[in-house]
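What follows is a short report on a single structure.
A note on names: the letters A, B, ... follow the listed sequences, proteins ahead of strands, and every chain is numbered from 1.
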Amino acid sequence: MPELPEVETTRRGLAPHLEGKRIRGVVLRRPDLRWPIPKEIESVLPGQRIDAVRRRAKYLLLDTAAGSALLHLGMTGSLRVLPASTPIGAHDHVDLQLSSGRVMRFNDPRRFGSLLWQPAGETHELLRALGPEPLADEFDGDYLFARSRNRKAPVKTFLMDQGVVVGVGNIYAAESLFRAGISPLRAAGKVSRERYAALAAAVKDILAYAITRGGTTLRDFISPDGAPGYFEQELSAYGRGGQPCPTCGRPLKFANIGQRASVWCGHCQR
DNA sequence: CAAGAGGCCTGAGGGC
DNA sequence: TGCCCTCAGGCCTCTT
């Protein structure tokens, strides 16, 4: 499930294939993904040149002079750059035909992903309420401390709120809280400034490192070498419920928190 | 405003 | 071997 490192890895894989190329045509095999695909994708995008491939939160933005195509990978979305002759497979919903002769193909079995449009100079509604980027300087312990006062929701839920900070999903929330030694069940408003400093540092370290590993869950990758993500080999908590804590050896606890599967160490995380 | 629940969607995996 | 059920979960939207 793509979180920030996977989306960033995708962006880095796509950029050399897309930047400076022109979009020759768009093929939509369904009229909608999570939301209806806006008409501009077919009426405005063809003929545009892609000036840059950017990432904001878990969205990818393909910038053109007319505006930006917004892509979200949802749970199961993937983007690949392929020879135009590559046969269509199941769940291949969208093609962008490139002036290089290749196509960027959007595959998404569960269709939680989206393809949207943002006119030049405007910010799409869905991007407006997003919190800061976790790797930006403005995201730190003091910020988390200030935002969390009087919040009674579990700190894990708070950390996964995209209005608080973007890009941290279930995997990296579990790993960051483990690293910082904070119980995911603790009320967000009851975590000290010092411990939030440790948490912010853990989020930054883990996300940055996961990016260097190519993310956690990308398998069908778009780069020419087809490299998958390797970070899953280094997960301490996520998906390891019942197994020994890497630090103290006691069995890791497992429960749903905020309707999300959660794993933590009842001894090391308080 | 905050918090919790519902819903979207399909493949994987377990049980029988 | 094959069917059925449950689960996975980002994140928007609705309800309380």
What salt bridge (Lys or Arg N to Asp or Glu O under 4.0 Å) pairs are there with at least one residue in residues 35-49 of chain A, not counting sequence neighbours? A:R49-A:D51

Quick one: which of B:dG6, C:dC11, B:dA3 gets closest to the side chain of A:K152? B:dA3

Please identify each residue that fulfils side chain to side chain contact (heavy atoms under 4.5 Å, CB included) with A:R151, with sequence neighbours left out. A:F158, A:D161, A:V164, A:A188

Could you state the CG-C1' distance from A:L127 to C:dC11, rounded to the nearest angstrom? 13 Å

Check the distance between B:dG4's C1' and A:D161's CG and give it to me in whole angstrom. 13 Å

In DNA chain B, consecutive runs of at least three Watson-Crick or G-U pairs below 3.5 Å, as range with range, amount to B:2-16 with C:2-16

Taking the six-membered ring for Trp, does A:F112 stack with B:dC8 (centroid gap under 5.5 Å, planes within less than 30°)? yes

Tell me every residue that passes side chain to side chain donor-acceptor pair (under 3.5 Å) with A:S68, counting only those two or more places apart in sequence or in another chain. A:D63

Under the 4.5 Å side-chain heavy-atom rule for ILVMFWY, direct or indirect, which residues accompany A:V103? A:L82

Any pair counted as salt bridge (Lys or Arg N to Asp or Glu O under 4.0 Å), so long as it reaches residues 130-146 of chain A, sequence neighbours left out: A:R55-A:E133, A:R56-A:E133, A:D142-A:R193

To the nearest angstrom, the OH-P distance between A:Y172 and C:dC11 comes to 14 Å

Tell me whether the NZ or CZ atom of A:R149 lies within the 45° cone about the ring axis of A:F145 and under 6.0 Å from its centre. yes

Can you figure out which of C:dG10, B:dC9, C:dA8 approaches the side chain of A:R111 most closely? B:dC9

To the nearest angstrom, how far is A:D108 atom CG from B:dT10 atom P? 10 Å

Scan residues 259-269 of chain A for pairs that pass salt bridge (Lys or Arg N to Asp or Glu O under 4.0 Å), counting only residues two or more places apart or in two chains. none

Tell me which nucleotide among B:dG4, C:dG10, C:dA8 gets nearest to the side chain of A:P154. B:dG4

Using whole Å, what does the distance between atom P of nucleotide C:dG9 and atom CZ of A:R260 come to? 7 Å

Considering only nitrogen or oxygen atoms on both sides, find all protein atoms under 3.5 Å from nucleotides 11-15 of chain B and state each distance.
residue	atom	partner	partner atom	Å
B:dG11	OP1	A:H91	NE2	2.8

Extract all donor-acceptor atom pairs below 3.5 Å that involve side chains of residues 111-123 of chain A and protein atoms in other chains or at least two apart in sequence.
residue	atom	partner	partner atom	Å
A:Q118	OE1	A:H124	N	2.9
A:Q118	NE2	A:E122	O	3.1

Show me the donor-acceptor pairs within less than 3.5 Å that the side chains of residues 243-258 of chain A make with the rest of the protein, sequence neighbours left out.
residue	atom	partner	partner atom	Å
A:Q243	OE1	A:R240	NE	3.4
A:Q243	OE1	A:R240	NH2	3.3
A:R250	NH1	A:H267	ND1	3.1

A:K58 vs C:dC11: side-chain N/O to OP1/OP2 distance below 4.0 Å: yes

Protein-nucleotides 12-16 of chain C N/O pairs under 3.5 Å:
residue	atom	partner	partner atom	Å
C:dC12	O4'	A:R34	NH2	3.0

According to the salt bridge (Lys or Arg N to Asp or Glu O under 4.0 Å) rule, which pairs have a member within residues 84-93 of chain A, sequence neighbours left out? none

Give the rounded distance in Å between these two atoms: CG of A:D32 and P of B:dT10. 11 Å

To the nearest Å, give me how far apart CG (A:N256) and P (B:dA5) are. 10 Å

In whole angstroms, the gap separating P of B:dG7 from CE of A:M75 amounts to 18 Å

Among the clusters formed by ILVMFWY side chains lying less than 4.5 Å apart, do A:V94 and A:L62 turn up in the same one? yes

Side-chain ion pair, A:R179 and A:E175, N-O less than 4.0 Å: no

